[in-house]
Protein chains: 2
Amino acid sequence: MSTTIQMSEELGPRSGWGKAIECPMASMFEILGTKTSYLIMREAFYGATRFEEFVERTGISEPVAAARLRELTAEGLLEKVPYREPGQRTRSAYELTEKGSDLLPVLVAMMRWGDRWLFTNGARVELTHADCGAQVHTELRCDAGHPVPTDELELGLNPRRLRAAR
Amino acid sequence: MSTTIQMSEELGPRSGWGKAIECPMASMFEILGTKTSYLIMREAFYGATRFEEFVERTGISEPVAAARLRELTAEGLLEKVPYREPGQRTRSAYELTEKGSDLLPVLVAMMRWGDRWLFTNGARVELTHADCGAQVHTELRCDAGHPVPTDELELGLNPRRLRAAR
DNA sequence: GTTCTGGCTATGCAAACTCTAAGCCAGCTT
DNA sequence: AAGCTGGCTTAGAGTTTGCATAGCCAGAAC
């Protein structure tokens, strides 16, 4: 039973969550709900900024890439920044905003899971700590700095929100 | 420029990644490619084990829930375990395997991102450390234990795999 | 001013995903 | 043996996501 999360009292027998209490993960899928949006974000972290780079590196078709870039820009994960190379006309680059950058832990967690469970011969690509060369992973920690194993993880309602709703 | 990842030499001008080098994140989407599969996994972490629980708590229709449970079981993230309540016939419960449990950091990272960027009034639900009550988040760390800021994150090819491919 | 190129947009179609509604089956309960 | 219930499956339809192909537009380069 150490693989499941503890639930606080008031959440015990809840049902119909999708409507009653908004789940932050489910909400995220309204913005990042397709595979292609993650591929676009991956390339943004890898340094892609131009339309052609996104298309080429992700293998996504142009119409879909254009749609995703538009959506991600509208949602504030990417930002259109005009740039101009010498002898070229002004073009738009797509750069990560803070909101977009903050998605990195999600992508790293996904990559590490894929590495571990999907490639038996070891990872093709590795994320390493530039300073020391060791591999990078994601870790659950509380804001007080303790590592948090699954069985010490507890889900509860935010008391401030509960009061506000009354 | 501190929001993008450093790339090692041999990855510099790569294109056509989708085919050339398998990306662990992209591979993950072949198993966990739909929103509903994440909702199912979320409920598994919240302690759901029976078919009806998954259907009711996620709000997914029965045919889709059945399909996802079958897929996730086939991929080894969940495991069918027969159980029997007194006076009832034998039924199947779906329990998290190690492969499934290891997905927790991905889900937590998603939740925290949703909390932070999608709910301006603060999170509805909170993940806390049962021992100390502080909120839980995901953190990038290297295997040597150092916290890793984005600009110290480097992407490179696995040297062992490179040798093997020769 | 014609051409070329990067960065898109438009159109049409196939595949994937999800829903509702209905039905099936095993085996307890009566 | 008839009914009920949990755990599904089947059928049909609608929406979303994706692709390929083709075209458009602005502004250098010639």
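Each chain gets a letter, A, B and so on, in the order its sequence line appears, and its residues count up from 1.
One can place CZ of A:Arg91 at 13 Å from P of D:dA26, the figure rounded to the nearest angstrom. Rounded to whole angstrom, the span from the CZ atom of B:Phe29 across to the C1' atom of C:dC17 amounts to 16 Å. At whole-Å resolution of the value, CZ in A:Arg68 and C1' in C:dC8 are 15 Å apart. A:Ile60 places its CD1 atom 15 Å from the P atom of C:dT9, with the value rounded to the nearest Å. Distance CG (A:Leu72) to P (C:dC8): 14 Å, rounded to an integer number of Å. One can place CG of B:Leu69 at 13 Å from P of C:dT18, the figure rounded to the nearest angstrom. Summarising the geometry, the separation between CD on A:Glu30 and P on D:dT17 is reported as 12 Å, rounded to the nearest angstrom. Distance CZ (B:Phe54) to P (D:dG6): 17 Å, rounded to an integer number of Å.
A distance of 11.5 Å separates CG of A:Asp102 from OG1 of B:Thr3, quoted to the nearest 0.5 Å. The CE atom of B:Met41 lies 12.5 Å from the OH atom of B:Tyr46; values are rounded to the nearest 0.5 Å.
With A:Lys99 contributing its side chain and A:Glu75 its backbone, the two residues share a donor-acceptor pair below 3.5 Å.
Residue whose closest nucleotide on DNA chain C sits further toward the 5' end, between A:Lys35 and A:Glu53: A:Glu53. Along DNA chain D, the nucleotide closest to A:Thr34 and the one closest to A:Glu62 are compared, and the more 5′ of them pairs with A:Thr34.
Not one side-chain nitrogen or oxygen of B:Thr36 sits closer than 4.0 Å to the OP1 or OP2 atom of C:dC17. For the pair A:Arg70 and C:dT9, the criterion of a side-chain N or O lying under 4.0 Å from OP1 or OP2 is met. Side-chain N/O atoms of B:Arg50 include one lying less than 4.0 angstrom from OP1 or OP2 on D:dG7.
Proximity note for B:Lys80 (side chain, C-beta onward) versus C:dT9, D:dC8, C:dT18: the nearest is D:dC8. Distances from the side chain of B:Val64 to the nucleotides C:dA10, D:dG6, C:dC19 place C:dC19 closest. Residue A:Glu52 has its side chain nearest to C:dG7 when only C:dG7, D:dA20, C:dT20 are considered. Closest approach to the B:Phe51 side chain among D:dG7, D:dG18, C:dC17 is made by D:dG7 (side chain taken as heavy atoms from C-beta onward). You'll find that the side chain of B:Pro63 is closest to C:dT20, out of C:dT20, D:dC19, C:dG7.
Counting any heavy atom pair closer than 4.0 Å across all strands shown, B:Tyr94 reaches sugar-phosphate atoms only and no base atom.
The residues A:Glu98 and B:Arg116 are annotated as salt-bridged, a charged nitrogen and a carboxylate oxygen being separated by less than 4.0 angstrom. Ion pair A:Glu139/A:Arg141 flagged as a salt bridge, since at least one NZ, NE, NH1 or NH2 atom sits closer than 4.0 Å to an Asp/Glu carboxylate oxygen.
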